[in-house]
Amino acid sequence: MASQRTLALLGGEPISPEVLQIVRPRFPAVSVLGERFDRALASGMVTNHSQYVQAFEAALSDYVGGDALVMNNGQTALMIMLRAAGVDGGEVIVPSFTFLATPHAVKWCGAEPVFAEIRADGSLCMDPEDVERRITEKTRAIMGVDVYGVTCDYDSFDALGEKYNLPILYDSAQAFGSRVDGKPVGSFGSAQAFSFHATKPFTSMEGGCLVTRDPALRERAAVLRNFGQDGERCPEPGINGKMLEICALVGLENLKTLDQDIDHRGVLARRMHEGLREIPGLRFLRVPPGVKPSWLYFPVIVDPAITGLNRDQIAAALAAENLLVRKYFDQACHRMDAYAEKNRDLSLPLTEKVVENVFSLPIYNGMTAGECDLFIRATREILSRPEAVRNALSP
Ligand code: T4K
């Protein structure tokens with residue numbers, strides 16, 4: 001009978017000799033960018049919507065089948081989208097289960113975030129029925145978030161938008177490359193904002209974009225991106241949302257392998273699921289039919305009453321094995337200091353339970369099956385010895 005490996009936490013060798021991070025971005029070598037890189041620098045035109053940013057914008061528009069506006073990061077894209085949708089002075093309904101950038105963008109655009117519950121179906125996306133209950137005469141927009149690249153229930157939000165005559169916006173920062181019924185995410189709702197940050201499945205180092213089918217929103221957003229300048233006129237105060245040429249070059253290169261990368265991430269997600277699904281007390285993201293997610297991470301929800309270990313203990317035991325996981329998202333936005341006072345009486349039980357128990361395993365474009373298996377094996381081994389792990393962590 002094979003002897004059981006000693007967990008690193010209990011004095012054994014870490015399962016991975018190297019530290020495996022939660023993210024390992026992949027960038028083209030400078031030699032691949034070659035002459036284009038030299039040309040961009042030699043021309044002196046490194047920003048202000050120059051040649052490669054224009055080429056990147058065209059390529060992105062082509063990819064999503066919509067009209068893309070490239071931005072310097074996802075947060076700027078979000079803020080410009082909200083501002084261009086005219087939310088100032090009103091309320092925007094957002095999920096509390098999201099990265100804090102979502103409600104912050106609403107606040108920075110002069111509106112109040114109203115937090116809604118996630119669905120009970122395990123997709124972890126905002127619940128349209130709960131959203132409808134929170135619509136008032138102050139509501140200016142609804143903004144769903146495509147968490148981990150799993151898309152919101154776009155049809156239900158479209159119906160709400162029509163019924164109440166409200167713009168439907170998406171913080172799709174995590175979802176570039178996701179598809180719904182084969183169609184790339186980008187032209188759903190009134191507008192969608194994306195991030196191309198280094199940690200994302202598709203990256204231009206820093207970057208983002210806004211895609212909209214609404215010509216008025218697009219026009220306003222383009223002006224806002226350039227300090228609010230519209231030729232000689234300045235109709236309203238804007239910001240600097242312009243991308244660097246070098247980021248556009250990296251984005252153009254990474255776009256070539258995006259579909260392949262998303263396929264690979266799907267394979268890894270299935271492998272993680274297969275390897276972990278029989279462990280009692282773990283739950284996984286439910287992907288709605290027709291959705292092909294970008295799989296920004298592989299979230300796992302722990303029921304400590306069944307596993308005997310909580311999320312923090314599992315993360316600590318994995319870290320001892322040189323396997324770093326993250327607790328995305330371990331705080332509900334409505335409980336953050338920035339929002340807690342206003343939301344003292346708000347209870348979102350599903351969200352609150354998930355943030356206490358969720359952690360993310362890595363999925364990255366260059367991840368090998370062997371690396372994936374290290375996370376699976378270590379998680380299984382740790383959860384097969386809960387008492388020893390508990391004792392090691394609190395002797
Ligand atoms: N809306 C949503 C729903 C979002 O998730 C985000 C961003 C936004 C809006 C705003 O988009 P951006 O303005 O960022 O484009 C990360 C990212 O900074 C952030 O982009 C992301 N969401 C958020 C969920 O995660 P941290 O604080 O966890 O990153 P950090 O520095 O701790 O790094 C995480 C891991 O990535 C580490 O293992 C190191 C590795 N890493 C990181 C960077 C910055 C790299 O390998 N290379 C790098 O350059 O926030």
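In what follows, every heavy atom counts, from backbone to side chain, and hydrogens, waters and symmetry copies are set aside. Numbering of ligands and ligand atoms starts at 1, following listing order.
- In this structure, Phe298 has its ring center under 6.0 Å from that of Phe284.
- For the pair Lys242/Asn72, no side-chain contact is recorded, criterion being any heavy-atom separation below 4.5 Å from C-beta on.
- Not a single heavy atom of Met205 sits less than 4.0 Å from an atom of ligand 1.
- Nearest protein neighbour of atom 13 (O) of ligand 1, counting heavy atoms only, is Gln75 N, 2.9 Å.
- Near Asn73, the atoms of ligand 1 lying under 4.0 angstrom from a non-hydrogen atom of the residue are 13 (O), 15 (O).
- Counting only heavy atoms, the protein never gets under 4.0 Å from atom 27 (O) of ligand 1.
- In this structure, Phe115 and His334 have tilted ring planes: the angle between them lies in the 30° to 60° band.
- Relative orientation of the Phe56 and Phe202 rings is tilted, given thresholds of 30° and 60° on the angle between their planes.
- By heavy-atom distance, the residue among Lys200, Arg326, Gln21, His104 lying nearest atom 32 (O) of ligand 1 is Arg326.
- At a cut-off of 3.5 Å, with distance as the only test, no side-chain donor of His104 or Gln75 sits close to an acceptor on the other residue.
- Counting heavy atoms only, Phe99 comes closest to atom 6 (C) of ligand 1 of the residues Tyr148, Phe194, Phe99.
- Nearest to atom 43 (C) of ligand 1 by heavy-atom distance, out of Ala198, Ala175, Pro25, Ala193, is Ala198.
- Counting protein heavy atoms only, atom 5 (O) of ligand 1 is closest to Gln174 NE2, 2.9 Å.
- When distances from atom 39 (C) of ligand 1 to the protein are checked, no heavy atom turns up under 4.0 Å.
- Under a 4.0 Å criterion applied to the non-hydrogen atoms of Thr98, ligand 1 contributes the atoms 3 (C).
- Taking atom 35 (C) of ligand 1 as the reference point, the nearest protein heavy-atom neighbour is Ile22 CG2, 3.7 Å.
- In this structure, the side chains of Asp214 and Ser190 stay at 4.5 Å or more apart for every pair of heavy atoms.
- No donor-acceptor contact under 3.5 angstrom links the side chains of Arg26 and Tyr364, judged on distance only.
- Proximity of Gly208 to ligand 1 is not established, as no heavy-atom distance is less than 4.0 Å.
- Checked by distance only, ligand 1 and Ala173 stay at 3.5 Å or farther apart across all their nitrogen or oxygen atoms.
- If you check which protein heavy atom lies closest to atom 44 (C) of ligand 1, you get His197 CE1, 3.7 Å.
- Between the side chains of Tyr154 and Gln192, a donor-acceptor pair is found at a separation under 3.5 Å.
- Ligand-side atoms of ligand 1 in range of Tyr328: 25 (O), 26 (P), 28 (O), 34 (C), range being under 4.0 angstrom from any heavy atom.
- Using bins of under 30°, 30° to 60° and over 60° for the plane-to-plane angle, the ring pair Phe176/Phe194 lands in the perpendicular bin.
- Distance check on atom 49 (O) of ligand 1: some protein heavy atom falls below the 4.0 Å cut-off.
- Looking only at protein heavy atoms, the nearest one to atom 8 (C) of ligand 1 is Ala101 CB, 3.6 Å.
- Checked by atom type, the side-chain pair Ser16/Glu321 shows no donor-acceptor distance below 3.5 Å.
- For the residues Val145, Asp171, Thr199, the heavy atom positioned nearest atom 16 (C) of ligand 1 is part of Thr199.
- Short contacts between ligand 1 and Ser195, defined as distances under 4.0 Å to a heavy atom of the residue, involve ligand atoms 11 (O), 12 (P), 15 (O).
- Atom CZ of Arg380 has 12 or fewer neighbouring heavy atoms from other residues, nucleotides or ligands inside a 6.0 Å radius.
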